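Predicted model, so just to flag it, every value in this text is computed and none were measured. Remember, it's 1-based here, ligands and their atoms both numbered in the order they're listed. The first residue in the sequence is number 1, and the count goes up from there.
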Amino acid sequence: HDSNDTQAVKLTGEDIAKHNSKDSCWVIVHGRAYDVTEFLPEHPGGSKIILKYAGKDATEEFEPIHPPDTLDKYLDKSKHLGEVDMNTVEEEEKVEDPDEEARQERISRMPILEQCYNLMDFEAVARNTMKKTAWAYYSSGADDEITMRENHNAYHKIWFRPRILVDVENIDTSTTMLGTPCDMPFYVTATALGKLGNPEGEVILTRGAKKHNVIQMIPTLASCSFDEILDAAEDGQCQWLQLYVNKDRAVTERIVKHAEKRGCKGLFITVDAPQLGRREKDMRSKFSDVGSNVQDTSGDNVDRSQGAARAISSFIDPSLSWKDIPWFLSITKMPIILKGVQCVEDVIRAIESGVQGVVLSNHGGRQLDFARSGIEVLAEVMPVLRERGWQDRIEIYVDGGVRRATDIIKALCLGAKGVGIGRPFLYAMSAYGLPGVDRAMQLLKDEMEMNMRLIGASKISELNSTLVDTRGLSMHTATVPHDTLGLNVYDPLVGPKEKAK
Ligand SMILES: Cc1cc2c(cc1C)[n+](S(=O)(=O)[O-])c1c(=O)[nH]c(=O)nc-1n2C[C@H](O)[C@H](O)[C@H](O)COP(=O)(O)O
């Protein structure tokens with residue numbers, strides 16, 4: 001390195017390859033080399049995944065999980081070794097992977113975008129075309145995924161009581177959320193690791209939200225950096241921040257103040273994830289060794305049993321409690337919403353604590369299995385608030401299992417201000433990129449207009465509880481998976497030979 005620290009000679013692949021062990025571990029990311037030897041034991045994803053790329057180019061593995069500014073933020077400058085002449089880096093020989101070949105073949109036959117007529121179509125295409133690990137991460141729910149299925153199933157227990165001979169020539173689906181006008185009563189909710197599904201990540205959702213004038217909630221665990229996502233927004237576009245509260249409150253305060261300074265219009269504090277749920281599909285999918293090899297904790301002191309998200313979320317503070325709310329109210333002027341509230345008692349507590357809203361949510365069924373659906377909790381909450389005359393004290397949102405405009409209409413009839421939608425936009429983005437997100441939002445808009453016309457409401461304010469019949473909502477027919485307990489415990493074929501006769 002000459003005096004002004006520009007690098008005279010680039011490092012070569014050979015230089016890096018020499019440092020391929022835990023005693024001296026160098027990796028390449030985005031064409032630059034880093035000495036991560038001392039960082040190995042601190043890596044939230046465990047040291048194994050880094051050692052897999054010791055002396056090599058780790059970019060492909062690094063990219064979906066880490067925002068681009070991660071190394072600048074967390075690795076001391078002295079460990080930044082400079083540019084690598086990538087022509088001297090040996091290409092990893094591609095191992096035969098029949099799964100990958102089959103996936104590429106399915107991609108070559110995937111339906112054209114216009115053949116997607118509803119949000120479930122995007123899920124079907126994504127299931128067939130996404131990388132196994134990415135699909136597993138997005139689609140998984142906790143434990144037996146009962147709540148994940150119940151989230152959408154619950155909407156099937158609500159029926160309409162449509163009114164006729166209402167002038168529905170002009171339909172207006174616009175509303176406001178936290179004071180921001182938007183064209184539709186749904187927002188793109190926070191879902192982590194957007195680059196697992198699409199190399200561009202969350203900025204695709206930003207562009208889709210802009211086109212349809214809907215609001216985007218930016219996840220703490222985004223693949224893109226927070227500023228990248230804000231920079232991808234256009235003037236006047238509304239974005240909210242979803243916050244996982246860090247054990248180190250100074251870090252949290254910095255994030256919140258930066259978000260406010262950058263113009264975020266809402267702070268959604270996630271309160272249903274003091275620990276991330278156990279998502280077995282994500283664990284089974286051999287998520288690049290970061291999380292799935294649950295049993296193998298060889299020397300690692302990191303609990304990596306919940307797949308990728310757990311590996312990068314060990315910072316979340318499980319001691320967060322109501323006593324912290326006054327502090328949050330003191331450090332920001334942004335409206336504060338508690339995301340993941342699951343019973344009326346906590347909605348009352350939220351109102352008394354002075355926050356501006358709640359999201360009735362079970363995290364898309366990814367947290368506590370057998371938690372009730374957001375829509376069922378909404379039906380419990382609103383009558384109690386109305387009794388107290390508190391129905392307008394805060395804004396109430398729901399998310400989980402919203403796949404049709406009829407789901408949105410049911411939620412609004414029951415008193416929600418708006419709904420959050422997660423997986424459908426992830427699947428649309430993963431399968432078709434921005435055009436997919438654009439079409440998914442347009443399909444919802446078209447469905448919304450038609451269904452409001454058919455229910456007999458010309459604008460959002462006309463949606464009310466007399467238009468729905470919720471008597472079936474508290475019936476829980478959990479379609480449990482078939483009894484797996486005894487299935488593989490005893491296999492006669494492997495018993496002692498003589499006994500088998
Ligand atoms: C699908 C998905 C959801 C995640 C999500 C990641 C994925 C892939 N992640 S997670 O890694 O921790 O689980 C977040 C997250 O970062 N923060 C959060 O508040 N909610 C997270 N959620 C929950 C999300 O905000 C909604 O509550 C949920 O997605 C709504 O259900 P649907 O997907 O059925 O619309």
Where does His363 meet ligand 1, judged by heavy-atom distances below 4.0 Å: at the side chain, the backbone, both, or neither? both

Hey, is Glu150 close enough to Arg372 for a salt bridge, meaning N to O under 4.0 Å? no

Please report whether ligand 1 has a polar contact with Gly422, defined as an N or O pair separated by less than 3.5 Å (distance criterion only). yes

Measuring from Arg262:CZ to Leu230:CG, what's the distance to the nearest 0.5 Å? 4.5 Å

Side chains of Ser140 and Glu145: is there a donor and an acceptor less than 3.5 Å apart? no

Nitrogen or oxygen atoms of Gly401 and ligand 1 under 3.5 Å apart: yes

Specify side chain, backbone, both or neither for Thr191, according to which of its non-hydrogen atoms lie closer than 4.0 Å to ligand 1. both

If we set the cut-off at 4.0 Å for heavy atoms, which region of Lys339 has an atom near ligand 1: side chain, backbone, both, or neither? side chain

At under 4.0 Å between heavy atoms, what of Arg366 touches ligand 1? The answer is side chain

Heavy-atom gap Arg279 to ligand 1 smaller than 4.0 Å: yes

Mind checking whether Tyr244 contacts ligand 1 via backbone (N, CA, C, O), side chain (CB onward), both or neither, at a 4.0 Å heavy-atom cut-off? side chain

Near Tyr138 (heavy-atom distance under 4.0 Å), the atoms of ligand 1 are 1 (C), 8 (C)

Arg403, portion touching ligand 1 at heavy-atom distance under 4.0 Å: side chain

Just do the side chain to side chain donor-acceptor pair (under 3.5 Å) check on Glu61 and Tyr53 with the steps written out, would you? CA-CA 9 Å; Glu61 192 63 45; Tyr53 293 91; 2.9 Å; yes

Quick look: Ser361 vs ligand 1, heavy-atom contacts under 4.0 Å, and the answer is side chain

Sort out for me which residue in Leu196, Ile421, Leu221, Leu426 forms a side-chain contact (heavy atoms from CB on, under 4.5 Å) with Thr191. Leu426

Working to the nearest 0.5 angstrom, can you tell me the gap between Lys410 NZ and His156 NE2? 6.5 Å

Under 4.0 Å to a heavy atom of Gly400 - the qualifying atoms of ligand 1, by number: 30 (C), 31 (O), 34 (O)

Pair Asp227, His258 - check side chain to side chain donor-acceptor pair (under 3.5 Å), show working. CA-CA 9 Å; Asp227 286 314; His258 180 60; 2.7 Å; yes

Full working for side-chain contact (heavy atoms from CB on, under 4.5 Å) between Phe268 and Leu241: CA-CA 6 Å; Phe268 285 66; Leu241 168 65; over 6 Å; no

Which atoms from ligand 1 have a heavy atom of Thr270 less than 4.0 Å away? 18 (C), 19 (O)

Derivation and outcome, side chain to side chain donor-acceptor pair (under 3.5 Å), residues Ser361 and Asp399: CA-CA 5 Å; Ser361 168; Asp399 75 22; 2.6 Å; yes

Does Met148 have a non-hydrogen atom less than 4.0 Å from ligand 1? no

One finds that the ligand 1 atoms under 4.0 Å from a non-hydrogen atom of Asp399 are 26 (C), 27 (O), 30 (C)

So for ligand 1, is Ala190 a polar contact partner (N or O within less than 3.5 Å, distance only)? yes

Between Ala233 and Gln239, what is the shortest heavy-atom contact and its length? CB-OE1, 3.4 Å

